[in-house]
Amino acid sequence: MLNRTYQWRPIRFRLKSQFLIPTFSLLFTKPSVSAANITSDDETSDPVREILNKASTSKDLFGNHSVRTLIPTLNSLQVDQIIGNLGLEDPDSAIDFFYLLRNEYGSCGSRVSQFVIGHLLAGKRRLKELRTVLEQMLQEEGSGSAPSLSELLENRFRAWDSNDLVWDMLAFAYSRSEMVHDALFVLAKMKYFKIQASILTYNSLLYNLRHTHIMWDVYEEIKASGTPQSAQTNSIVIDGLCGQSLLQEAVAFLQENEGKESKPCIVSFNTLMSRFCKVGYIDVAKSFFCMMFKYGLLPDAYSYNILIHGLCIAGSMEEALELTDDMERHGVQPDVVTYNILAKGFRLLGMMSWARKIIRQMLLKGLNPDVVTYTILICGHCQAGNIEEGFMLQEEMLSQGFQLNDIAYSVLLSSLCKRGQVGEALRLLHEMESTGLKPDVITYSILIHGLCKQGEVQEAIQLYNKMWLKRIFPNSFTHNAILLGLSEKGTLLEARMFFDSLTKSNLMENIVWFNIMIYRYAKVGKVREAVQLYEQIIEKGITPSIVTFNSLIYGFCKSRKLAEARTWLGMIKAHGLVPTDVTYTTLMNALCETGNIRGMFEVFREMEARAVEPTNITYTVIIKGLCKQQRLQESLQLLEVMHAKGSSPDEITYNTLIHCFCKARDMGKAFQLHNEMLLHNLQPSPVTYNILLNGLCVNGDLNDADRFFSSLQDQNIRLTKVAYTTLIKAHCAKGDVCKADTLFRQMVEKGFEISITDYSAVINRLCKKNLTIKVKVFLHVMLSDGITLDQQICFVMLNAFRRVGDLTSEFELLAKMIKCGLLPD
DNA sequence: CTAGGGTTAG
């Protein structure tokens with residue numbers, strides 16, 4: 001007590017303050033807090049004296065009306081004076097006064113007052129409150145404040161009772177607020193004053209530093225300081241080691257340190273199991289689960305949930321359900337998390353009816369769905385393409401008093417983007433922002449990817465820049481999207497430049513960037529460049545993925561180097577990877593294209609032998625192969641197989657078959673297949689119509705083709721340029737130039753871009769029929785369209801003019817050709 | 001220490 005009053009003595013403080021007012025006033029407002037005790041009355045302002053008087057006479061200080069009216073008039077100095085005095089006389093009242101100020105007037109007094117209260121709380125071992133007071137202080141001070149706060153504690157409070165405890169709590173609060181450097185500064189000060197830090201403080205610091213090697217310094221210091229370790233200490237180290245991908249070391253650490261001094265800790269085991277599940281070693285996790293029993297530990301709900309989660313992610317739902325039963329048998333009740341994990345497992349497998357069954361079970365248990373439950377359901381519906389159901393669930397959530405979080409919004413955004421409704425997605429982003437949610441790097445990446453997929457790379461880059469402005473930093477996913485957009489929309493060179501800048505500026509290079517580039521090179525037939533990138537991957541020690549190899553194989557197939565493509569199939573196995581449905585389908589497609597149907601079936605048999613499930617694309621390729629051999633009945637049978645297997649044929653499957661029947665001059669069956677598409681809710685594409693139109697032109701009456709074409713136009717069905725050129729060519733060939741002319745004009749009016757090929761197609765056919773007058777008309781239109789001639793079409797026309805004896809036109813054309821440099825002389 | 005969101009290939 002004496003010591004305490006000594007520090008509070010106004011004499012020393014006043015002396016100092018007389019010289020230091022300018023700087024000190026910042027921290028201490030004005031001289032002594034306890035001045036009221038000692039100094040003459042005129043130095044103590046009236047409200048302070050009045051409140052202190054009331055405090056000594058009345059029991060219920062704060063129920064007193066006149067005190068209540070005085071409080072709002074107090075300034076910071078006066079608050080310090082009251083707290084300082086009350087603190088000496090009546091700590092409880094001081095604390096009450098402090099809370100009253102904070103809760104009802106939103107003021108916390110100066111740092112001095114806060115530290116006074118801190119010491120009083122520490123003295124009464126009200127540690128949680130002490131932590132709150134300090135954490136609030138640190139929120140306001142921010143990082144880098146440790147030196148000034150330490151100085152205050154050192155100069156003004158060192159001799160106070162419980163001062164050691166406040167120091168420790170200050171370090172702890174800094175650590176919890178993730179101001180690690182400040183925490184270390186305070187710890188250093190404490191070491192200097194020989195104040196022992198508590199294990200809680202050490203653990204918190206250890207936790208914050210667990211992903212760095214400094215973790216060991218803290219750990220060594222804990223040992224050196226002789227502070228008794230808590231059960232938590234070791235599990236933090238274990239988690240840290242796992243986080244640094246040192247799983248072996250983590251296990252070794254557990255074996256060395258657990259169960260020797262104290263009972264081993266469940267948390268350590270849980271941490272290890274969770275980490276091993278995450279990297280796919282579920283069997284290892286299971287063995288830890290069993291080991292717990294040997295150590296005399298009973299797994300808790302976390303242990304079960306972690307293992308159930310691991311099983312669900314691996315798709316072993318049966319085992320996951322068994323373990324859930326086990327859990328109940330051992331008297332550990334499955335909780336909301338357990339059911340959410342199971343529901344997610346079924347969702348991942350696309351088994352939404354089972355997921356709903358799980359949720360029903362949960363409801364029967366009297367557990368209420370939470371935001372995560374709803375998010376899983378929304379995700380499941382969206383995944384199945386039913387966004388509308390997703391939005392209905394959003395409504396339900398809101399009516400249940402849940403607010404959608406950023407993850408639920410991301411799920412909805414992502415499925416809108418996948419459907420190509422990026423505009424809708426952007427609208428949803430605004431809705432999200434208006435509810436106060438902050439889109440994060442994932443949300444932005446989804447949108448950027450959506451925009452890039454739609455070819456709106458400029459907009460994507462704008463969003464990318466906006467993200468930077470909001471200090472949300474793009475990650476490799478974001479860059480994937482931009483690279484993808486550039487490679488699809490821009491030139492290959494542009495994409496390569498962006499790719500090079502990515503690989504140069506990023507320490508962690510991403511296999512997906514390489515895969516995107518390799519695929520692009522493969523697609524345009526630049527296998528050499530693709531292989532060069534593959535060599536770079538190997539040189540840099542990056543692990544290639546199955547996509548890398550599939551893209552390379554695709555490249556060799558595109559360049560008709562099938563033997564090499566097969567060699568690369570061997571490389572997949574050499575790298576410990578497994579060929580996928582894409583691998584085999586790519587090869588099968590290439591063999592089919594070259595007419596090697598036997599080879600195609602050989603690959604298919606290998607695929608079956610390796611138990612790789614064929615997809616609808618695989619079946620479509622086989623159908624294409626069968627069609628090539630005119631095995632029409634078999635291809636129709638395969639279509640039935642697809643329906644039966646639930647491997648739904650898509651629009652391309654039908655287009656393949658329709659094309660095949662058109663070629664076989666069976667237009668009836670072709671149209672029947674078209675109707676079947678509609679029955680299966682498959683929207684025929686412009687390609688479907690081109691195939692049918694061409695079929696009618698080649699096999700049937702041109703009038704049928706015309707009628708079909710107009711009916712499509714009447715229904716406002718989207719058609720491509722090919723539909724027009726198909727009909728135009730047919731009319732040219734049959735000699736109805738008038739009709740061809742009309743269609744050509746229509747095509748131009750629709751805004752399609754017309755090239756020399758389109759004119760050449762018409763002119764070629766007209767020339768064949770010696771319809772040179774019409775040729776001249778088309779030539780004129782073409783030239784006025786700004787299209788330049790090429791040598792090939794000129795010679796065709798010259799020959800035609802010569803045949804019909806139109807010398808004038810022949811010379812005119814020759815003159816034009818010389819002007820364009822199409823003739824040597 | 002457990003549950004919910006984003007990437008490349010035919």
Side-chain angles (χ1 to χ4, degrees), chain A residues 232 235-236 238-239 242 265-275 277-278 300-310 312-313 335-345 347 370-380 382-383 404-415 417-418 439-450 452-453 475-484 487 510-520 522-523 545-555 557-558 580-590 615-618 620-621 652:
Chain A
Q232 210 75 19
S235 59
I236 295 169
I238 289 172
D239 187 51
C242 292
C265 172
I266 292 190
V267 183
S268 294
F269 281 95
N270 289 350
T271 307
L272 267 182
M273 290 199 313
S274 156
R275 294 289 191 165
C277 282
K278 268 203 185 110
D300 61 5
Y302 279 103
S303 323
Y304 280 102
N305 284 346
I306 289 166
L307 208 50
I308 292 170
H309 181 230
C312 286
I313 294 296
D335 56 11
V336 185
V337 175
T338 320
Y339 289 106
N340 284 346
I341 291 171
L342 289 168
K344 182 203 169 188
R347 196 225 87 197
D370 61 6
V371 187
V372 177
T373 320
Y374 275 108
T375 311
I376 293 170
L377 287 174
I378 290 178
C379 192
C382 287
Q383 192 180 246
L404 263 79
N405 57 20
D406 45 352
I407 295 182
Y409 269 113
S410 294
V411 172
L412 289 166
L413 275 170
S414 154
S415 30
C417 285
K418 277 189 187 133
D440 64 3
V441 57
I442 296 184
T443 323
Y444 275 111
S445 299
I446 292 169
L447 280 164
I448 289 172
H449 185 245
C452 285
K453 271 269 168 190
N475 59 18
S476 66
F477 279 91
T478 330
H479 291 132
N480 291 342
I482 301 272
L483 182 60
L484 191 75
S487 73
N510 185 349
I511 185 64
V512 178
W513 300 336
F514 282 90
N515 290 347
I516 293 172
M517 280 316 292
I518 288 178
Y519 173 70
R520 283 294 143 186
K523 201 172 175 102
S545 72
I546 186 63
V547 181
T548 320
F549 290 106
N550 288 349
S551 301
L552 282 164
I553 289 175
Y554 172 66
C557 289
K558 267 250 145 168
T580 61
D581 51 299
V582 178
T583 323
Y584 291 114
T585 310
T586 307
L587 274 170
M588 285 169 64
N589 186 52
T615 64
N616 56 353
I617 303 178
T618 319
T620 305
V621 169
I652 298 176

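Every value quoted in this text rests on a predicted model; they were computed, and no experiment measured them.
- In this entry the distance linking CH2 of A:W513 with P of B:dA9 reads 17 Å, nearest Å.
- Using a 4.0 Å heavy-atom distance criterion, A:S410 is classed as a base contact.
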Checking A:S303 against A:M273 for the side-chain contact (heavy atoms from CB on, under 4.5 Å) test, could you report, in this order, the C-alpha distance in whole Å, the side-chain angles of both residues, the deciding distance, and whether it holds?
CA-CA 8 Å; A:S303 323; A:M273 290 199 313; 3.9 Å; yes

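- Side chain of A:C379, nearest nucleotide from B:dG5, B:dT7, B:dA3: B:dG5.
- Taking atom CG on A:N340 and atom P on B:dT2, their separation rounds to 15 Å, with Å as the unit.
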One pair to check against side-chain hydrogen bond (donor to acceptor under 3.5 Å, both in side chains): A:T586 and A:N589. What are the steps and the verdict?
CA-CA 5 Å; A:T586 307; A:N589 186 52; over 6 Å; no

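- Out of B:dT2, B:dA3, B:dT8, the shortest distance to the side chain of A:D370 is found at B:dA3.
- When rounded to the nearest whole Å, the span between OH of A:Y339 and C1' of B:dT2 equals 16 Å.
- Residue A:I306 places its side chain closer to B:dC1 than to any other of B:dC1, B:dG6, B:dA9.
- The interatomic distance linking A:Q383 (CD) with B:dG5 (C1') rounds to 12 Å, in whole Å.
- No option in A:N515, A:T583, A:D581 other than A:T583 meets the side-chain hydrogen bond (donor to acceptor under 3.5 Å, both in side chains) test with A:N550.
- Between the P atom of B:dT2 and the CD1 atom of A:I266 lies a distance of 15 Å, rounded to the nearest Å.
- If you measure from atom CD1 of A:I482 to atom C1' of B:dG6, you get 14 Å, rounded to the nearest angstrom.
- A:S274 and A:T271 are not linked by any side-chain donor-acceptor pair at a separation below 3.5 angstrom, with hydrogens and angles left out of the test.
- Residue A:R275 places none of its side-chain N or O atoms closer than 4.0 Å to OP1 or OP2 of B:dT2.
- In this structure, A:F477 reaches the bases: a heavy-atom distance under 4.0 Å links it to at least one base atom across the strands shown.
- Under the side-chain hydrogen bond (donor to acceptor under 3.5 Å, both in side chains) test applied with A:N340, the options A:T375, A:D370, A:N305 reduce to a single match, A:D370.
- Using a 4.0 Å heavy-atom distance criterion, A:I446 is classed as a sugar-phosphate-only contact.
- Side-chain atoms of A:D440 and base atoms of B:dG5 include a donor and an acceptor less than 3.5 Å apart.
- Rounded to whole angstrom, the span from the NZ atom of A:K523 across to the P atom of B:dA9 amounts to 9 Å.
- At the heavy-atom level, A:I617 lies under 4.0 Å from base atoms of the strands shown.
- In this model, the phosphate group of B:dA3 is approached by a side-chain N or O of A:H309 to a distance below 4.0 Å at OP1 or OP2.
- Using a 4.0 Å heavy-atom cutoff across all strands shown, A:T338 reaches no nucleic acid atom at all.
- Among the heavy atoms of the strands lying under 4.0 Å from A:T618 is at least one base atom, whether or not backbone atoms are also near.
- In this entry the distance linking CD1 of A:I313 with P of B:dG5 reads 8 Å, nearest Å.
- Residue-to-nucleotide contacts include a donor-acceptor pair under 3.5 Å from the side chain of A:N475 to the base of B:dG6.
- Nearest to the side-chain atoms of A:L484 among the listed nucleotides B:dT8, B:dT2, B:dG5 stands B:dT8.
- Residue A:V411 is in sugar-phosphate contact alone, with no base atom involved, counting any heavy-atom pair closer than 4.0 Å across all strands shown.
- Side-chain atoms of A:T443 stay outside donor-acceptor range of the base of B:dG6, with no qualifying N/O pair under 3.5 Å.
- Among the protein residues, A:D335 comes within range of no part of the nucleic acid, since none of its heavy atoms lies under 4.0 Å from any strand.
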Run A:I376 and A:C379 through side-chain contact (heavy atoms from CB on, under 4.5 Å) and show every step you take.
CA-CA 5 Å; A:I376 293 170; A:C379 192; 5.6 Å; no

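- Among the heavy atoms of the strands lying under 4.0 Å from A:K418 are primed sugar atoms or P, OP1, OP2 only; no base atom is included.
- Using a 3.5 Å distance cut-off with no hydrogens or angles, the side chains of A:T338 and A:D335 do pair a donor with an acceptor.
- Distance from the side chain of A:S274 is smallest for B:dC1 among the nucleotides B:dA9, B:dC1, B:dG5.
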